[in-house]
Amino acid sequence: MRKKPKLKRSPANPANTVPQEVSTGTADRLEAVRDAFRHAWKGYKDYAWGHDELKPISKSFGEWFGLGLTLIDSLDTMWIMGLKEEFAEAKNWVEKELTFNKNVDVNLFETTIRVLGGLLSTYHLTGDQLFLEKAKDLGSRLMPAFKTPSKIPFSDVNIGKGTAHPPRWTSDSTLAEVTSIQLEFRELSRLTQEPQYQEVVNEVMKLVHKLPGKQDGLVPMFINTNSGQFTHKGVFTLGARADSYYEYLLKQWIQGGKTEDELLEDYLQAIEGVKKHLVRQTGPSRLTFVGELSHNRFNPKMDHLVCFLPGTLALGAHNGLPGDHMDLAVELTETCHQMYKQMETGLSPEIVHFNLQSSDSRDVNVKPADRHNLLRPETVESLFYMYRFTKDNKYRDWGWDILQSFNNYTKVPGGGYTSINNVRDPVNPGPRDKMESFFLGETLKYLYLLFSDDMELLSLDKYVFNTEAHPVPIWPSPPK
Ligand code: DMJ
């Protein structure tokens, strides 16, 4: 039964003075996500059109690579939400304005997951060659990154000049960055019938597979582009710099029709490593969480980024992997939900520290420097997977609460949503004046899919989502 909509007054804060309507029916929820998207898009269109990111408070824009990041990250979301007019306008920009023939340094990983991934998924959803042509052009311009002594790619490429280099301060690349570009490059090879894209990224996976320095499948966070060896050994996290390595082991295995045994082997071993070294429970309420390991010392710190893991574990279990992966997914999803629920704004901070002592009453502590929220998607991403596989409505309700909190504390009058400084201060959450492209590309897309009753909409048996929420098809098995 539908509850009667109530009007809720927003707390006084500079980001939002608009009263929010609270409703609970599925259709209402879908429309509420669409409204949120339209509001975010309005800000982008009015003040940042064709630029990378909206700065909604100052009503201006920020440039990172100068590739229209938010616009491209949003294309498939608009298509999925049926926002036809908005999509048509954005497509027109891609056709008329988007060029990769630019003297600009771009980050290989960010450009691959957001731009190449966005173009490939939009091509699949629409069948429009324009997006494939753009993807091919970009893919070929990213290839110089792989010309290194070790074949581990550099972090940065100049897509106009065809040169590549590591960051100024090191010759290391980040583990997650070199192992989370594979879904996109492999798909580009399949579509173009040009093997070089797949070859370079498969080579990276092969090298990492046999590299010493792992601990029960857990990998260090950096790899040197000259030597091809791990550096900063002995430090293990499922958060920043390592997260999507684990995600892409499973997803590449699924993409390729579950035939590439080394990927599965590495994934299964890594999850055993996570269980053995990183999973613990809090003292007060026995919340299960994933901490970090530094030279055999356990640190009960968890990035919000780690909240991708329950969704990935559930996807693995759905694909025939051990049932205890699903049990862990259920427990971790509860913890990620608590990371929102226990904050005064209902929004998770970037990093939490869990309490292992039962003498204290609090499960979660947040350091002052970690209190920001960047509109990240990982928890709603996991809620989407968990709902699809369990049909348990609590996951939808948790997602709905998160959307309400985004509306209450990050929505900017006139258009756009903003990152905030302090999830513990509902009176002054401290708008940061930045709307990340992944808010439209990922966060709102996963919320929409969470509330959609259409289980065939991007079926998880037909598509695999890249780490920026861009779906690419699972490859058809070759005829026997
Ligand atoms: C996104 O760009 C991707 O999800 C990436 O894997 C992690 N960081 C952001 C979102 O938080």
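We count ligands from 1, going down the list as the structure has it; atoms in each ligand are counted the same way. One is the number of the first residue; the rest follow in order along the sequence.
Checked options F451, F439, F465; the residue passing with Y446 is F465 (criterion: ring pair (Phe, Tyr, Trp, His ring centres under 6.0 Å)). Of the options R186, E262, E247, a side chain to side chain contact (heavy atoms under 4.5 Å, CB included) to Q252 is made by R186 and by none of the others.
A salt bridge links K462 to E456: one of the charged nitrogens lies within less than 4.0 Å of a carboxylate oxygen.
There is no side-chain donor-acceptor pair under 3.5 Å between T379 and H337. Side-chain contact, N224 with T231: no donor N or O sits under 3.5 Å from an acceptor N or O.
Ligand 1 is surrounded by I113, R114, L305, R376, P377, E378, F438, E442, T467, E468, each with at least one heavy atom closer than 4.0 Å.
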Intermediate values then yes/no, ring pair (Phe, Tyr, Trp, His ring centres under 6.0 Å), H232 and F222: CA-CA 6 Å; H232 302 75; F222 296 99; 4.6 Å; yes
